[in-house]
Protein chains: 2
Amino acid sequence: MQEDIMEKLDKHDLRKTIIRKDVLKIFVQAEGKALSSKDIEQALENPDRITLYRTLRSFEEKGLIHQAVDGSGTSKYALCSEDCTVHEHQDDHAHFHCTKCEQTICLETGPRSPVNVPEGYIVRRSYLVLEGLCRRCANP
Amino acid sequence: MQEDIMEKLDKHDLRKTIIRKDVLKIFVQAEGKALSSKDIEQALENPDRITLYRTLRSFEEKGLIHQAVDGSGTSKYALCSEDCTVHEHQDDHAHFHCTKCEQTICLETGPRSPVNVPEGYIVRRSYLVLEGLCRRCANP
DNA sequence: AAAAACTTGCAACTTTGTTGCAATAACCAT
DNA sequence: ATGGTTATTGCAACAAAGTTGCAAGTTTTT
Ligand SMILES: [Mn+2]
Ligand SMILES: [Mn+2]
Ligand SMILES: [Zn+2]
Ligand SMILES: [Zn+2]
């Protein structure tokens, strides 16, 4: 697992610094859950906030994590699938956002049917957010 | 048109103050375009920023405008359809976000096919964002 | 016209995120 | 292993977006 993390950093051309190993470990452990900068701040001891922001940006640029749009207003990130690279992300899945516990998770949904847009518009990508109650919050 | 605005405020149980008339007029004129707080600030002379935020919140609560999730990070709002009320919004349409000019517009898309979610999850609503280039930005 | 109820504008504050820069750490090639 | 090169860190300072408390001002109702 430690090896897993080192490999990932290597593969994505990121220097192996303490904070990067720590942050990446948290993402791996989160298992499909999207995390905010604050989530990570709380999980770690005392990370420098600015360094954390830059770590997240580097991870995203290098194809290690992807942003999870969830309509909550703050940025959240989750681990990418194996085949994301610095050149292209492959995270075209929907995200579920629980309005009670505020958790956001990546969904393994299949391809979506295309949507009609006005003549002349070019669609590059799309985000689908499902909002509601997660299992835990729905069945208390 | 002035009457239209007065009617709308009346119907949604909002007091007719200067800023509310002004802001609502801007939304009516925007015609399906979603506006940020900053957009409105710029359109108006010198609105108090805080009052504007509260105006937007009241409008949303009373079913006059709805939030347009567009993945841009800042909140945008657009005029609701006639049948939105304080009790329930009816704005289940997708939004298109142009990454070049940053405009966001409401799309008149039909109903979307349902998406599979894990057992036990409850979906209350969903947001669909299409990102790309609008007609003007695609054909320069 | 006055009372009641709601709205405004100001100050102060919070949260989230960015930029510049010198000190530091990681990597690469001797 | 040593040292040079290059990327990363941590600090301070800043900025945008949004919230809260409260006294003063408006709108609505009676
Ligand atoms: Mn995801
Ligand atoms: Mn809309
Ligand atoms: Zn939940
Ligand atoms: Zn455009």
Side-chain angles (χ1 to χ4, degrees), chain A residues 2 5-25 34-77 86 97 102 104, chain B residues 2 5-25 34-77 86 97 102 104:
Chain A
Q2 212 71 300
I5 282 167
M6 295 307 223
E7 248 178 60
K8 270 196 196 326
L9 289 171
D10 248 343
K11 183 173 150 196
H12 291 87
D13 199 29
L14 288 157
R15 292 194 172 183
K16 303 180 202 67
T17 67
I18 296 176
I19 191 170
R20 287 183 179 175
K21 292 183 228 167
D22 289 350
V23 171
L24 182 50
K25 198 195 286 192
L35 305 170
S36 65
S37 182
K38 204 206 243 172
D39 289 336
I40 299 169
E41 259 180 82
Q42 287 168 350
L44 256 34
E45 292 298 304
N46 245 359
D48 183 70
R49 221 166 45 86
I50 292 99
T51 303
L52 179 51
Y53 279 120
R54 290 198 268 229
T55 299
L56 293 173
R57 193 188 304 175
S58 304
F59 279 14
E60 192 190 4
E61 280 171 5
K62 295 296 173 70
L64 252 180
I65 61 177
H66 62 276
Q67 232 178 320
V69 170
D70 72 353
S72 74
T74 52
S75 300
K76 297 196 183 160
Y77 299 88
V86 64
H97 180 232
E102 287 287 305
T104 297
Chain B
Q2 212 71 299
I5 281 167
M6 295 307 224
E7 248 177 61
K8 270 196 196 323
L9 289 171
D10 247 344
K11 182 172 151 198
H12 291 88
D13 200 29
L14 288 157
R15 293 194 170 183
K16 303 180 203 65
T17 67
I18 295 176
I19 190 169
R20 286 181 180 177
K21 291 183 227 167
D22 288 350
V23 171
L24 182 49
K25 197 194 286 192
L35 305 171
S36 64
S37 182
K38 203 205 242 172
D39 289 337
I40 299 169
E41 260 181 82
Q42 287 169 350
L44 255 35
E45 292 298 306
N46 246 359
D48 183 69
R49 220 167 46 85
I50 292 99
T51 304
L52 179 51
Y53 279 122
R54 290 199 268 229
T55 299
L56 294 174
R57 194 188 304 175
S58 305
F59 279 15
E60 192 190 5
E61 280 171 5
K62 295 296 173 68
L64 251 179
I65 61 177
H66 62 275
Q67 233 178 321
V69 170
D70 72 353
S72 74
T74 52
S75 301
K76 298 196 181 159
Y77 300 88
V86 65
H97 180 233
E102 288 286 306
T104 298

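The basis for the numbers below is simple: all heavy atoms, side chains too, and nothing from hydrogens, waters or symmetry mates.
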**Student:** Return the value, rounded to whole Å, for the distance between atom CD1 of B:Ile19 and atom P of C:dT7.
**Tutor:**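 Distance, rounded to whole Å: 13 Å.
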**Student:** Given that B:Thr17 and B:Ser37 both sit by DNA chain D, which one's nearest nucleotide is further toward the 5' end?
**Tutor:**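 Between the two, 5'-proximity favours B:Ser37.
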**Student:** Between the side chains of A:Ser72 and A:Glu102, does any donor sit under 3.5 Å from an acceptor?
**Tutor:**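 Per modelled atom types, A:Ser72 and A:Glu102 side chains form no pair under 3.5 Å.
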**Student:** CG of B:Asp48 versus C1' of D:dG21: gap in Å, rounded?
**Tutor:**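 Result: 14 Å.
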**Student:** If each of A:Leu14 and B:Arg49 is mapped to the nucleotide of DNA chain D with the nearest heavy atom, which maps nearer the 5' terminus, i.e. the 5' end?
**Tutor:**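 Going by which nucleotide is closer to the 5' end, it is A:Leu14.
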**Student:** CZ/A:Arg57 to OG1/A:Thr55 distance, rounded to the nearest 0.5 angstrom?
**Tutor:**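 The CZ atom of A:Arg57 sits 10.5 Å away from the OG1 atom of A:Thr55.
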**Student:** Tell me: NE2 of B:His12 to P of D:dT27, nearest whole Å?
**Tutor:**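 B:His12 atom NE2 is separated from D:dT27 atom P by 21 Å.
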**Student:** Nearest whole Å is fine: how far is D:dT8 P from A:Phe59 CZ?
**Tutor:**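 Rounded to whole Å, this separation is 10 Å.
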**Student:** Does D:dG10 have its OP1 or OP2 closer than 4.0 Å to a side-chain nitrogen or oxygen of A:Thr51?
**Tutor:**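 Checking A:Thr51 against D:dG10: at least one side-chain N or O falls below 4.0 Å of OP1 or OP2.
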**Student:** To the nearest angstrom, how far is A:Leu9 atom CG from D:dT8 atom P?
**Tutor:**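 The answer, rounded to whole Å, is 11 Å.
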**Student:** May I ask you to verify if any side-chain N or O of B:Lys16 is less than 4.0 angstrom from the OP1 or OP2 atom of D:dT26?
**Tutor:**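 For D:dT26, neither OP1 nor OP2 has a side-chain N or O of B:Lys16 closer than 4.0 Å.
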**Student:** Ignoring backbone atoms, test whether B:Arg54 places a side-chain nitrogen or oxygen under 4.0 Å from the OP1 or OP2 oxygen of D:dT20.
**Tutor:**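 For D:dT20, OP1/OP2 do not have a side-chain N/O of B:Arg54 under 4.0 Å.
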**Student:** Locate the shortest heavy-atom distance separating B:Ser58 from B:Leu14; write the atom from each residue and the value.
**Tutor:**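 Closest approach of B:Ser58 to B:Leu14, heavy atoms only: CB-CD2, 3.9 Å.
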**Student:** What is the nucleic acid contact for A:Ser75, judged by heavy atoms within less than 4.0 Å: base, sugar-phosphate only, or nothing?
**Tutor:**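 Result for A:Ser75 = sugar-phosphate.
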**Student:** Between P on D:dT27 and CG on B:Asp13, what's the gap in Å once rounded to a whole number?
**Tutor:**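 Computing the B:Asp13:CG to D:dT27:P distance gives 16 Å.
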**Student:** Roughly, in whole Å, what's the span from CD1 in A:Ile50 to P in C:dC21?
**Tutor:**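 Atom-to-atom, A:Ile50 to C:dC21, this comes out as 16 Å.
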**Student:** Give a yes or no on whether the backbone of A:Asp13 and the side-chain of A:Lys62 come within a donor-acceptor separation of less than 3.5 Å.
**Tutor:**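 Yes; judged by distance alone, with no hydrogens or angles, the pair exists.
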**Student:** Could you check how far NZ of B:Lys21 sits from C1' of C:dT7, rounded to whole Å?
**Tutor:**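 Rounded to the whole Å, the gap is 14 Å.
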**Student:** For a quick check of understanding: with a heavy-atom distance under 4.0 Å over all strands, which category does B:Arg20 fall into, base, sugar-phosphate or nothing?
**Tutor:**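 The answer is sugar-phosphate, as B:Arg20 gets under 4.0 Å only of primed atoms, P, OP1 or OP2.
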**Student:** Looking at every non-hydrogen atom in both residues, tell me the closest pair between A:Leu56 and A:Tyr77 and how far apart they are.
**Tutor:**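 That closest heavy-atom pairing would be CD1-CE1, 4.0 Å.
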**Student:** Can you find an N or O donor on one side and an acceptor on the other, under 3.5 Å apart, linking the side chain of B:Arg15 with the base of C:dA5?
**Tutor:**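 Checked by distance alone, the answer is yes.
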**Student:** Taking any heavy-atom pair under 4.0 Å as a contact, classify A:Ser36: base, sugar-phosphate, or nothing.
**Tutor:**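 The answer is nothing, as A:Ser36 stays clear of every strand by at least 4.0 Å.
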